[in-house]
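Here is the structure we will look at, set down as structure tokens.
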Amino acid sequence: MDVRVRFAPSPTGFLHLGGVRTALFNWLFARNEGGKFLLRIEDTDKERSEKRFEDDILQNLEWLGIVPDEPIIRQTDRLDAYEKFLKQLLEENKAYYCFCSSKELEEEYQAQLSQGIIPKYSGKCKNISKENLEIKLKSSSAVIRLKMPERIISFSDMIRGKVEFDTKLFGDIIIAKGLREPLYNLAVVVDDEEQRITHVIRGEEHLSNTPKQIVIQEALGFPLVTYAHLPLILGADKKKLSKRFLTNSLSDYKNKGYLPSAVLNFLVLLGWHPKEDREVLSIFEMVNEFAIKRVQKAGAVFNPEKLDWLNFMHIRAMDSEELSKNLIPFVPTDWLSDSAKFNRSVIISKDRLKNLCDFQNDSKFIFTLPEYKVETIPWKDTTQQDAIKNLKNILDLIKNEIDENFPSTELKDAILKFADEEGRGNVLWPLRTALSGMESSPGPTDLLYVLGRAESIERINIALRKLEVSS
RNA sequence: GGCCCUAUCGUCUAGUGGCUAGGACAAUGCCCUUUCACGGCAUAAACAGGGGUUCGAUCCCCCUUGGGGCUACCA
């Protein structure tokens, strides 16, 4: 049978790292097995579901390249199906209406607690007579409960092995607030059947929902599915990342300049590891090597430093044209007016970029020479006169340069030869500071390359003027 | 409280009934070097505790402890 998996987020918050990881593992499993990956929006909670959250989830998944193989379905579009199966359960006497108010339920719960009994629903609405039921349904609101068979539910989890629960502890759970208001456990089971899902891969927080869903599947006569419960992603406090905290929403990472491949690489390593000691993986490699048997059981704390490093590695692995494209949203539009210069600036900073966001700050000096003090120009304890002399010499070398490919190898060699004669720091430091206006920057030949001949000359002249005025 | 899951360096992890317990991030030091990065080379850093099983346990079993999840008319 072909593998069919799904990611089923509820649009009650922005897409967050934990959700992406679940989606990723499903997607990788499907790709690796040659199966299908589906997407389902679980929007049965009308109070908390919002369109903007759904949009956020969809947009970000697309940005990551995790796209479904079949049309997306929404639970609010499937009310007829839930109603049908709810009626079936009611008719077969596997479920019943419950009229208890939340106040009554709360009192019952507290009473059980104080008596030291395991709290669960007493089942007092189970045996309401037909006539009474019809009268009550007209006058008061009712929820639908499943008659929970009392037995041990056992299933084999692909990651955890055999897991057992005693349903006796659950009581008759509520599966719907009304015929057209299903609750999570019912809706999931009905939709997984509709989408012919073979493997349910989801976060560990759902482990204790699984026996309830198995009971519903059995009551409905649905085939069983295989489960895999992923370890949770934990914050620094070891608590699970929750969608209710905006801090880990994926858009934040996107906006900070993390690459999709880096985010995915980082997330795949949280709970999974390839056979060898490689950690920097392309998406292609992740798909090829993913194996659910190698998924970890314990929760994983995520550390942002490793994400930064992976992002750095993925940026380096990218070709510079591709990187330029990715950088466009992160720079002021006027940088783009000289596209050749922009491309050169990308080339020289490609190997020093931790994220796309840094580029603007790191490269600002290329597009606008910053204000700087004359004291920064001379090297260590050399004099301003030394700096003037050396810069003038270099200026001559540059002016004599006729090669169109600026700076030519000859020019670079000439500068280096001169620097060796005069002392490297004594020549290269003033050159670099004159070109960049900065205490730290890429090397002088990179700067000549990115600025071009005319602007290089101009900047050296500016430095010379500063030096001459102050001496 | 109850139920369930879980346990190797600070973090992510590899690993096996017998290993000097391996790698990566981060940290520290040194080297490279005109600066900042990069890179190179080192250093420090872990099998939670207690019982078993065994000739031998980090690895298998049990208990304890720690951590986490669930315990909604949320998902």
Side-chain angles (χ1 to χ4, degrees), chain A residues 8-13 42-49 75 98 100-102 105 109 113 116-120 141-145 157 159-161 163-171 173-178 181 183-185 187-188 202-212 229 231-232 234 236-240 243-244 266 269-280 294 296-310 312 316 349-354 362 376 379-380 419 423-433 436 438-444:
Chain A
S10 61
T12 54
E42 305 216 324
D43 53 357
T44 50
D45 185 338
K46 281 171 282 185
E47 272 82 63
R48 297 199 303 140
S49 294
Q75 293 189 322
C98 170
C100 299
S101 69
S102 45
L105 259 16
Y109 176 85
L113 218 53
I117 307 169
I118 303 157
K120 68 175 184 186
S141 65
V143 299
I144 299 168
R145 287 183 185 271
D157 187 283
I159 294 167
R160 284 150 218 287
V163 183
E164 284 186 339
F165 286 90
D166 189 348
T167 61
K168 176 160 83 229
L169 272 12
F170 297 155
I173 58 164
I174 299 173
I175 53 173
K177 295 199 265 188
E181 291 175 280
L183 256 16
Y184 168 68
N185 284 124
V188 165
R202 69 215 321 189
E204 196 194 321
E205 73 266 30
H206 288 296
L207 194 56
S208 46
N209 282 141
T210 304
K212 296 172 187 173
H229 288 92
L232 262 14
L234 278 14
D237 60 354
K238 300 244 181 185
K239 299 269 192 287
K240 80 162 174 171
K243 70 180 100 178
R244 278 149 216 162
F266 171 67
L269 256 18
L270 251 31
W272 179 83
H273 197 276
K275 265 207 166 74
E276 307 86 66
D277 275 335
R278 282 173 310 124
E279 298 209 304
V280 183
R294 291 183 62 82
Q296 210 76 17
K297 293 187 181 103
V301 176
F302 87 106
N303 64 325
E305 290 86 8
K306 191 137 185 178
L307 207 210
D308 285 343
W309 176 75
L310 281 167
F312 170 73
R316 292 177 66 154
S349 50
K350 188 160 86 89
D351 288 354
R352 35 167 72 228
L353 221 48
K354 277 213 158 56
D362 293 353
T376 61
W379 169 242
K380 281 187 180 165
R424 289 199 164 197
N426 200 3
V427 173
L428 297 175
W429 174 275
L431 208 215
R432 197 185 55 71
T433 48
S436 67
M438 314 252 290
E439 298 260 359
S440 65
S441 76

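All chains are named by letter (A, B, ...) in the order of the sequence lines, taking the proteins before the strands, and each is independently numbered beginning at 1.
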For [N], does OP1 or OP2 lie under 4.0 Å from any side-chain N or O of [X]?
X	N	value
A/Gln296	B/rU6	no
A/Arg294	B/rG15	yes
A/Lys177	B/rC74	yes

Between [M] and [N] - [atom1] atom distance, rounded Å:
N	M	atom1	answer
B/rU54	B/rA7	C1'	24 Å
B/rA57	B/rG69	P	36 Å
B/rG10	B/rG67	C1'	16 Å
B/rC61	B/rG17	P	13 Å

Suppose we screen for side chain to side chain donor-acceptor pair (under 3.5 Å). Which residues come up paired with [X], at least two apart in sequence or across chains?
X	value
A/Lys306	A/Glu279
A/Lys120	none
A/Asn209	A/His206
A/Arg202	A/Tyr184, A/Thr210, A/Gln213, A/His229

(message) If you go through the side-chain atoms of A/Lys297, does one of them form a donor-acceptor pair with the base of B/rA7 closer than 3.5 Å?
(response)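 Between B/rA7 and A/Lys297, which were checked side chain against base, a qualifying N/O pair under 3.5 Å is absent.
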
Please give, in whole Å, the distance from [N] [atom2] to [X] [atom1]?
X	N	atom1	atom2	answer
A/Asp308	B/rA24	CG	P	18 Å
A/His273	B/rA24	NE2	P	10 Å
A/Glu305	B/rC9	CD	C1'	16 Å
A/Leu183	B/rA75	CG	P	5 Å
A/Asp351	B/rG39	CG	C1'	11 Å
A/Glu276	B/rA24	CD	C1'	14 Å
A/Glu42	B/rC74	CD	P	14 Å

Using the side-chain contact (heavy atoms from CB on, under 4.5 Å) criterion, which residues pair with [X]? Sequence neighbours excluded.
X	result
A/Asp43	A/Pro11, A/Ile41, A/Ser49, A/Arg74, A/Gln75, A/Thr76
A/Ser101	A/Lys103, A/Glu104
A/Leu307	A/Tyr253, A/Tyr258, A/Phe266
A/Ile159	A/Asp157, A/Ala228, A/Leu230, A/Ile292, A/Val295, A/Lys297

Just the table, please: protein N/O against nucleotides 42-48 of chain B N/O, every pair under 3.5 Å.
none

(request) If a protein heavy atom is under 4.0 Å from the base, mark B; if only from the sugar-phosphate, S; if neither, -; do that for nucleotides 28-35 of chain B going 5' to 3'. (result) ------BB

(request) List the protein contact pattern of nucleotides 57-71 of chain B with one symbol per nucleotide (5' to 3'): B for base contact, S for sugar-phosphate-only contact, - for none; contact means a heavy-atom distance under 4.0 Å. (result) -----------BSS-

(message) Using a heavy-atom cut-off of 4.0 Å across all strands, would you classify A/Glu164 as base, sugar-phosphate, or nothing?
(response)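 It contacts sugar-phosphate atoms only.
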
(message) Does the structure show a Watson-Crick or G-U wobble partner for B/rA7, both distances under 3.5 Å? Name it, or say none.
(response)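 Paired with B/rU65.
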
(request) Please name all residues satisfying salt bridge (charged side-chain N to carboxylate O under 4.0 Å, His left out) with A/Glu305, sequence neighbours left out, ordered by chain then number. (result)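 If we apply the salt bridge (charged side-chain N to carboxylate O under 4.0 Å, His left out) test to A/Glu305, skipping adjacent residues, there are no hits.
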
(request) Look at A/Lys168 together with A/Asp166 and state whether they make a salt bridge at an N to O cut-off of under 4.0 Å. (result)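 Yes, A/Lys168 and A/Asp166 are salt-bridged.
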
